[in-house]
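Bear in mind the structure is a predicted one, so any value in this text is a computation, not a measurement. When a ligand or atom number is given, it counts from 1 through the structure's own listing order.
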Amino acid sequence: MGVFVVRPVILISTDCDIESSDSLKLQADYVRAVYMAGGLPLVAVPPMECGDASEAAAELCSLARGLVLTGGSDILPCLFGEEPHPKLGAVNPIRDQFELALARAAMQADLPTLAICRGMQLLNVAAGGGLVQDIESCVPGAHAHRVAAPRWLPTHSVSVVQGSILRRVFGRDSIMVNSFHHQAVHPAAPGFEVAARAGDGIVEAIEKVGSRFMVGVQWHPEALAGRYPEALDLFREFLIAAQGVC
Ligand code: MN
């Protein structure tokens, strides 16, 4: 018998195309980053129209020791109390409903959570915060945040807040990040603090105060990890927190 190393099970949320191909979608970078950081990825699939989203989400969270909320399209504005802005992109009510249930179950259980891009926005909405629906038209003077560049290319700097988990992970006040978003967190949800901002003031990271590890980043560390080893440090810190869950 060989040595069996128990990796913490990490849920990764998926996208689902309910319009054209009626299929589930997950970018493999998330799986690689979780596996490389020491986790065992478990794809968290919504029950589609065949089951209760909240029940499925709670059961999945009880199996896992961590949750990754992944990137993707816009969140339905009615979920944070707004009418749709003219620049609103594609929305997906099935994905929104399931991921909100995952985020709420994770918060209730203090399950370590790494929320990426849309995932951070979704976590913020799940906790009662709001969003800027379109940076370019709603935030005068903002720089480009939806950049036509390779996924692995850092294009703007962010200032990391003293005392945050991110500051501890990266060990400095400023880091370069990639940027593929047109929406942003604002305001941060009650119980959350801003952990990083771009030079134009756009929120680039949030953390839930007093949690084991509940961190949202607006950039895509999973896409940087192949070229910049330090991008994986955030996943490693997340896995350390996941290992502490019984
Ligand atoms: Mn950005």
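- Looking at Glu204, its N, O or S atom nearest to the Mn ion (ligand 1) turns out to be OE2.
- Considering CD of Gln183 and CD of Gln121, their distance stands at 5.5 Å, rounded to 0.5 Å.
- Of the listed residues (Glu99, Lys25, Glu222, Arg118), just one forms a side chain to side chain contact (heavy atoms under 4.5 Å, CB included) with Thr70, and that residue is Glu99.
- Looking at His145, its N, O or S atom nearest to the Mn ion (ligand 1) turns out to be ND1.
- For the residue pair Glu204 and His156, a side-chain donor N or O sits within less than 3.5 Å of a side-chain acceptor on the partner.
- No hydrogens or angles considered: nothing links the side chains of His220 and Asn178 as a donor-acceptor pair under 3.5 Å.
- For the Mn ion (ligand 1), the set of nearby N, O or S atoms under 2.8 Å includes one belonging to Ser179.
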